[in-house]
Amino acid sequence: MSKVALITGATRGIGKQIAITLAKQGYNIALNYRKENEELSNTKQEIENQNVKCLCVKGDVSNFEECENFVKETINEFGNIDVLVNNAGITKDMLLMRMKKEDFQDVIDVNLVGTFNVTKNVIPYMTKARKGRIINISSVVGVSGNAGQTNYAASKAGIIGFTKSLAKEVASRNILVNAVAPGFIQTDMTDVLKDEVKDEIAKSIPLKRMGNAEDVANVVKFLASDDSSYITGQVINIDGGMLM
Ligand code: NAP
């Protein structure tokens, strides 16, 4: 039976690339999305071009019931979930002095509570199967902090604590839980920055470039594979050397 990977927020950016990379490894893909649009159908098509199945499952990760529903849909279609990638994430940047309470709350609700909501619904199936991989997408700013991102950095630091705690809870069930912490990756999320700012950031990175979605997806592929079967509770930075 083919392995199954559920990836949240996978219509574009890093999530899309993770879905395509795992599809190339032969995984059937459950692709979580919020809005039906052209991007979704293009991504589905790209995945199916790899000769695997792609089930699109609708749901906002910050809504527990919607997560419960799309996890059930995935199980009904495929029977199991071998790999969960908690990728869905947002930013609402502002200095704390001017940040609205709702903008703090929204980012925590999607990035951190969303990771809880999906994982909580997937864990019973992995526990029953006595195997599974959970890969959470954190960020270097969850480790280093970043001015203008108290909400985002707190959510991403929270994901690291969540990852390590859950890894300890479920290791005896052969469920491995790890996080990756990307640096500056070229996606819509970082496209909002001015070109001069991007150039400055690239110059400050030891490898002298922003990362791309493939840089992240390849590490996720490793963490999903048998090659990483003795790794759990870890955070792997994918940042061109930004944090050492
Ligand atoms: P992106 O291009 O903005 O894509 C974000 C994805 O998350 C979209 O598919 C979006 O769906 C989805 N999403 C947002 N809120 C959601 C919700 N409530 N429920 C379900 N899906 C939701 O961002 P990205 O750069 O690929 O980021 C992916 C992950 O990597 C995020 O967790 C981000 O924090 C993390 N990360 C990114 C960078 C970077 O430099 N890009 C660095 C470190 C970490 P819609 O299309 O419906 O909006």
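Atoms within each ligand, like the ligands themselves, are counted from 1 in listed order. The model shown is predicted, which means the values in this text are computed figures rather than measured ones.
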Task: E46/K16 ion pair, N-O < 4.0 Å - done: yes
Report the part of [X] in contact with ligand 1, treating N, CA, C, O as backbone and CB onward as side chain, heavy atoms under 4.0 Å; options are side chain, backbone, both, neither.
X: A213; value: neither
X: T187; value: side chain
X: D60; value: both
X: Q186; value: neither
X: N32; value: side chain

Ligand 1 atoms in contact with [X] (distance to a heavy atom under 4.0 Å):
X: F184; result: 40 (O)
X: G89; result: 5 (C), 7 (O), 14 (C), 31 (C), 32 (O)
X: K35; result: 47 (O), 48 (O)
X: A88; result: 7 (O), 13 (N), 20 (C), 21 (N), 22 (C), 32 (O)
X: G13; result: 2 (O), 26 (O)
X: I137; result: 29 (C), 30 (O), 35 (C)

Check this for me - ligand 1, [X], N or O atoms closer than 3.5 angstrom, yes or no?
X: G15; result: no
X: E39; result: no
X: I90; result: no
X: G9; result: yes
X: T11; result: yes
X: I14; result: yes
X: S139; result: no
X: S62; result: no

To the nearest 0.5 Å, tell me how far [X] [atom1] sits from [Y] [atom2].
X: F116; Y: C67; atom1: CZ; atom2: SG; answer: 10.0 Å
X: D109; Y: S155; atom1: CG; atom2: OG; answer: 10.5 Å
X: E65; Y: N117; atom1: CD; atom2: CG; answer: 8.5 Å
X: R130; Y: M126; atom1: CZ; atom2: CE; answer: 14.5 Å

Would you kindly say whether [X] and [Y] are connected by a side-chain donor-acceptor distance under 3.5 Å?
X: N49; Y: Q45; result: yes
X: R133; Y: S225; result: no
X: T163; Y: N136; result: yes

So is [X] touching ligand 1 or not, going by heavy atoms under 4.0 Å?
X: G59; result: yes
X: Y152; result: yes
X: G183; result: yes

Task: Test item: T119 and N86 side chains (from C-beta on) under 4.5 Å apart, heavy atoms - done: yes
TODO: Check whether any side-chain heavy atom of I7 sits under 4.5 Å from a side-chain heavy atom of L31, and report yes or no.
DONE: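 No - every pair of side-chain heavy atoms lies 4.5 Å or more apart.
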What protein heavy atom sits nearest [atom], and how far off is it?
atom: atom 1 (P) of ligand 1; value: R12 NH1, 3.7 Å
atom: atom 19 (N) of ligand 1; value: V61 N, 3.0 Å
atom: atom 40 (O) of ligand 1; value: I185 N, 2.8 Å

Task: Chi angles and distances behind the side chain to side chain donor-acceptor pair (under 3.5 Å) call for N212, Q186 - done: CA-CA 5 Å; N212 52 50; Q186 275 171 317; 5.6 Å; no
- [ ] Using heavy-atom distances, let me know which of M210, K156, R34 sits nearest atom 16 (C) of ligand 1.
- [x] R34
Open item on the list: Out of N87, N136, N63, N117, who is nearest to atom 32 (O) of ligand 1 when you count heavy atoms only?
Closed with: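 Shortest heavy-atom distance from atom 32 (O) of ligand 1: N87.
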Task: CA sep, side-chain torsions, deciding dist, call: V192, T190, side chain to side chain contact (heavy atoms under 4.5 Å, CB included) - done: CA-CA 5 Å; V192 294; T190 47; over 6 Å; no
Task: Test side chain to side chain contact (heavy atoms under 4.5 Å, CB included) applied to L243 and V143, step by step - done: CA-CA 9 Å; L243 286 193; V143 180; 3.8 Å; yes
Open item on the list: Applying side chain to side chain contact (heavy atoms under 4.5 Å, CB included) to I20 and I47, what does each step give before you reach the verdict?
Closed with: CA-CA 5 Å; I20 291 170; I47 290 167; 4.1 Å; yes
TODO: Walk me through it: do N178 and I231 pass the test side chain to side chain contact (heavy atoms under 4.5 Å, CB included)?
DONE: CA-CA 8 Å; N178 291 289; I231 300 177; 3.6 Å; yes
Open item on the list: For V122, run the side-chain contact (heavy atoms from CB on, under 4.5 Å) check against I81, I75, T127 and tell me which one passes.
Closed with: I81
